[in-house]
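Counting starts at 1 for both ligands and their atoms, in listed order. Bear in mind that the values here come from a model prediction, so they are computed numbers and not experimental data.
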Amino acid sequence: MNMQEMIDTAMALVANDKGLLAMDESNPTCNKRFAKLGIPQIAGARRAYRELIVTTPGLSECISGAILYDETIRQQKKDGTPFVKALTDVGIIPGIKVDTGAKDMAGLPGEKITEGLDELRERLAEYAKMGARFAKWRAVITLGDGIPTRGCIEANAEALARYAALCQEAGLVPIVEPEVLMDGAHTMDQCCEVTEEVLRTVFNELYRQRVKLRGMILKPNMVLPGLTCPKQESVDEVADATVRCLLRAVPAAVPAIAFLSGGQSSELASARLNAMNVRFKAKLPWALAFSFSRALQQPALEIWKGDDANVAAAQKALIHRARCNRAACRGEYSPAMEETAT
Ligand code: 13P
């Protein structure tokens with residue numbers, strides 16, 4: 001493992017206020033999103049959609065890295081250019097999702113454990129050979145009656161750390177993603193408390209398993225009220241709660257925090273990230289960036305609908321969201337950016 005290279009990659013992923021594009025939806029997740037829009041749920045449609053994304057003009061002005069899925073890293077553009085090459089040619093660093101999904105936990109009803117450690121060393125070596133320079137693993141924590149349990153939090157933290165250590169052994173920067181879900185009626189304070197506990201547990205495990213914090217990126221949820229909580233805090237209140245929580249739990253050696261969007265609207269995700277950077281950017285030890293899937297892609301997917309005739313319009317929607325989020329990394333986003341685009 002070359003630690004300096006991993007540190008350089010981690011820094012490059014958030015350089016110039018750019019962020020990450022998560023386009024690593026598993027086939028079942030991608031198919032579910034296609035089904036809602038009447039798009040055929042077949043490999044050819046998934047490939048065409050991913051080609052639309054990687055060929056979006058100007059994407060690399062705002063996006064530093066793209067997270068691929070096992071199917072996608074093996075796919076090519078129609079002209080035969082592998083997606084990995086298409087991305088690196090424009091200066092976007094390719095990454096790969098390596099977990100195999102969150103499964104029901106035995107003995108802990110309502111909770112999930114992320115799988116994918118089997119043969120992970122071998123899979124990482126193959127992905128590195130294919131050109132991936134970073135990886136992603138997502139753990140899922142659900143809030144509800146009596147949950148999350150310590151059992152769930154600790155099992156997921158241990159798996160995240162084992163994954164991260166294997167990534168660094170293979171020379172890949174691990175993106176460590178513990179996601180506290182938005183689903184539910186919990187308050188923002190409850191989300192804050194659970195997020196802090198999860199992050200402290202994750203960093204404890206990373207320390208025990210000797211993961212080098214300078215060569216990783218944290219991908220957490222923002223601290224938000226549950227989707228059905230009657231009290232929905234303002235953008236600034238969310239920004240304050242999120243940064244306060246992260247300051248308590250994330251060591252300064254971590255170079256960057258790149259948020260997931262988690263089902264927030266595209267506009268809210270940009271506005272909240274922007275508020276964090278407006279209020280705190282100059283004072284924080286880590287960069288605050290984005291690693292969104294839905295909040296970057298959803299408007300484009302809804303325009304594309306599987307029809308070639310809509311590719312250019314969909315790409316416009318994607319680059320618009322990418323620009324909004326880069327502006328948010330600088331603290332320069334404003335809702336007026338949305339109006340000028342429409
Ligand atoms: P969302 O931004 O849609 O939450 O997806 C981020 C991601 O990569 C989930 O693993």
Side-chain angles (χ1 to χ4, degrees), residues 13-14 19-34 36-37 49-50 53 62-73 92-103 112-116 132 134-142 156 159-160 163-164 167 173-184 191 195 198 202 216-224 226-227 238 242 256-273 276 288-302 317-318 321-322 324-326 328-329:
L13 286 171
V14 290
L20 299 167
L21 167 62
M23 48 182 289
D24 61 328
E25 302 79 16
S26 64
N27 290 348
T29 301
C30 189
N31 287 345
K32 233 188 277 163
R33 291 183 192 162
F34 279 15
K36 276 195 190 142
L37 296 166
Y49 176 57
R50 267 63 181 254
I53 294 176
C62 308
I63 299 295
S64 54
I67 316 174
L68 305 172
Y69 176 60
D70 183 73
E71 177 181 75
T72 324
I73 200 170
I92 296 178
I93 302 172
I96 180 77
K97 167 196 177 81
V98 299
D99 67 72
T100 55
K103 311 283 161 62
K112 302 266 186 205
I113 179 72
T114 300
E115 296 188 348
F134 68 99
K136 188 196 95 171
W137 178 291
R138 171 175 176 256
V140 179
I141 306 293
T142 312
N156 276 292
L160 273 168
Y163 139 82
C167 283
V173 172
I175 301 214
V176 173
E177 181 180 11
E179 175 174 7
V180 177
L181 293 177
M182 279 173 80
D183 306 275
C191 175
T195 301
V198 168
V202 166
M216 64 161 275
I217 289 179
L218 178 71
K219 175 165 172 168
N221 51 284
M222 296 182 192
V223 171
L224 303 171
L227 276 173
V238 164
T242 303
I257 295 175
F259 292 100
L260 59 93
S261 58
Q264 305 173 66
S265 73
S266 298
E267 291 81 2
L268 264 181
S270 299
R272 288 164 169 165
L273 176 60
M276 289 181 225
L288 288 184
F290 57 92
S291 176
F292 298 156
S293 161
R294 282 163 288 180
L296 276 167
Q297 289 185 43
Q298 196 58 30
L301 182 60
E302 284 169 14
L318 176 62
R321 289 265 48 94
C324 286
N325 288 311
R326 186 178 186 211
C329 288

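- With respect to atom 4 (O) of ligand 1, the closest heavy atom belonging to the protein is Gly262 N, 2.6 Å.
- The CG atom of Leu301 lies 5.0 Å from the CG atom of Leu37; values are rounded to the nearest 0.5 Å.
- Under the side-chain contact (heavy atoms from CB on, under 4.5 Å) test applied with Phe259, the options Arg272, Met276, Lys219 reduce to a single match, Met276.
- Every residue meeting the side-chain contact (heavy atoms from CB on, under 4.5 Å) condition with Arg138, not counting sequence neighbours, appears here in chain and number order: Asp99, Lys136, Val140, Glu177, Glu179, Leu181.
- The nearest heavy-atom contact from the protein to atom 5 (O) of ligand 1 is Ser293 CB, 3.2 Å.
- Remark: Cys324 pairs with Ser270, His320, Arg321, Tyr333, Met337, Glu338 by the side-chain contact (heavy atoms from CB on, under 4.5 Å) rule, at least two apart or across chains.
- Atoms of ligand 1 lying under 4.0 Å from at least one heavy atom of Ala22, given by number and element, are 8 (O).
- Under the 4.0 angstrom criterion for non-hydrogen atoms, Lys136 is in contact with ligand 1.
- Residue-ligand proximity, Phe292 to ligand 1, at heavy-atom distances under 4.0 Å covers atoms 2 (O).
- The two residues Met23 and Gln297 have their closest heavy-atom pair at CA-NE2, 3.5 Å.
- Distances from atom 7 (C) of ligand 1 to the heavy atoms of Arg294, Gln297, Lys219 put Lys219 nearest.
- The protein heavy atom nearest to atom 9 (C) of ligand 1 is Glu177 OE2, 3.3 Å.
- Ranking protein heavy atoms by distance to atom 2 (O) of ligand 1, first place goes to Ser261 OG, 2.4 Å.
- A salt bridge links Glu25 with Arg50; the closest basic N to acidic carboxylate O contact falls under 4.0 Å.
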